[in-house]
Amino acid sequence: MDAIKKAYLQLHIAVVLFGFTAILGRLIDLNEISIVWWRLIITCLSLLFFPSVVRTIRQTRLKDWLPLAGIGILVATHWVFFYGAIKYSNVSVTLCCLATGSFFTAILEPIFYKKQIRMLEVVTGLVVIPGIYIIFYTTDFAYTKGIIMALISAILAAFFAVLNKKMVVKQEPMFITFVELGAGLLFLSILLPVYWEFLGDGVNKFMPTTTDLFYLVVLALLCTTLAYVLSLLALKHLSAFTSTLTINLEPVYGIILAIIIFQENQELNPGFYLGAAIILSTVFGYPYVKKYLGK
């Protein structure tokens, strides 16, 4: 197998694994903050087995960690809202709303980097809005809180993507991941008692069962560590356009898996599929239109 074909395979495996994160979030019988806490600690421990991470930790000054720590808090908060959205709605609704993150990124990036906002980004962002509106008003009213949480998660993901862009060129990617996730873990550890106080479910929703622990290990090692490593290896041989287009398949894979595993199609009405079609077709069409206009 040549390098390009191998890179495609690696990237698709990574995207399928990313798609499984939502499935596992529904299978794990813990609240959203507990899922994220366990995911972070298992992932951070696994990253310590990479020699490059340990070596970079020893060579990097503490002041270089602070910006990464701030981004890590954003990542952890994004995941909490993501799994909260799954708990309060379902996998399909959450992933459709999360797909809007690329357009929030397109709007935020020019602001942070002081570039001119392109009309294409504005138009595509406006096209997504009717899709969200249709999903919001045609799905079960009980999903309202989940939809709002999913959109907050998408906005936080956009902030993370924009801020992390500067960090990637300065530091080793695996080290960045370790520091960010470690900071997120520390942040959630401080937040846990407050969260329990407001929710009132305490430790009984924090300690995983044997089944939950199995799913958490899969989530951390396969869907986080392995998926991230595979995506990095693939990026060495594929263009940014190809990578972006393939990663956009994550909600599609996730929704297909949710229909197969949970029969979520029985929970959804035609309005959802119309809204989902608008959002996903815009997500897929955007890279092609951008590339065409770039020519």
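Residue indices begin at 1 and follow the sequence shown.
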Do [X] and [Y] have side-chain heavy atoms sitting under 4.5 Å apart?
X      : Y      : answer
Phe262 : Asn90  : no
Arg39  : Thr21  : yes
Ile256 : Val252 : yes
Leu30  : Phe206 : no
Leu191 : Val80  : no
Phe50  : Val229 : yes
Trp79  : Leu156 : no
Leu219 : Ile28  : yes

Can you name the closest pair of heavy atoms from [X] and [Y] and give their distance?
X      : Y      : answer
Asp212 : Asp29  : OD1-N, 3.0 Å
Pro251 : Leu95  : CB-O, 3.7 Å
Ile190 : Val194 : O-CG2, 4.5 Å
Ile279 : Ala99  : CG2-CB, 3.9 Å
Ile132 : Thr100 : CD1-CG2, 3.6 Å
Leu48  : Val54  : O-CG2, 3.4 Å

Quick one: does any side-chain atom of [X] pair with a main-chain N or O of [Y] as donor and acceptor, under 3.5 Å?
X      : Y      : result
Lys145 : Gly84  : no
Ser231 : Val15  : no
Ser153 : His78  : yes
Thr224 : Leu221 : no
Glu264 : Val91  : yes

Problem - Chi angles and distances behind the side-chain contact (heavy atoms from CB on, under 4.5 Å) call for Ile152, Ile148 - result: CA-CA 6 Å; Ile152 293 173; Ile148 293 171; 4.1 Å; yes

Got a second to check how far [X]'s [atom1] is from [Y]'s [atom2], nearest 0.5 Å?
X      : Y      : atom1 : atom2 : answer
Ile71  : Leu66  : CD1   : CG    : 11.5 Å
Leu9   : Lys6   : CG    : NZ    : 9.5 Å
Ile73  : Phe187 : CD1   : CZ    : 5.5 Å
Leu222 : Leu24  : CG    : CG    : 9.0 Å
Leu17  : Tyr228 : CG    : OH    : 15.5 Å
Ile134 : Leu274 : CD1   : CG    : 4.0 Å

Handout entry: Atom CZ of Phe82: over 12 foreign heavy atoms under 6.0 Å
Key = yes

Practice task
Please indicate whether Phe272 has more than 12 foreign heavy atoms, meaning atoms of other residues, nucleotides or ligands, lying under 6.0 Å from its CZ.
Solution key: yes

Practice task
Given side-chain contact (heavy atoms from CB on, under 4.5 Å), test Leu68 with Trp65 step by step and report yes or no.
Solution key: CA-CA 5 Å; Leu68 296 174; Trp65 293 32; 5.6 Å; no

Is there a path of hydrophobic side-chain contacts, each under 4.5 Å between heavy atoms, that joins [X] and [Y]?
X      : Y      : value
Ile260 : Tyr253 : yes
Leu185 : Leu213 : no
Val162 : Ile176 : yes
Leu216 : Leu226 : yes
Ile42  : Phe18  : no

Problem - Test log, rule side-chain contact (heavy atoms from CB on, under 4.5 Å), inputs Tyr215 and Phe20 - result: CA-CA 11 Å; Tyr215 289 141; Phe20 261 107; over 6 Å; no

Practice task
Please lay out, stage by stage, how Ser52 and Phe175 fare under the test side-chain contact (heavy atoms from CB on, under 4.5 Å).
Solution key: CA-CA 8 Å; Ser52 61; Phe175 167 74; over 6 Å; no

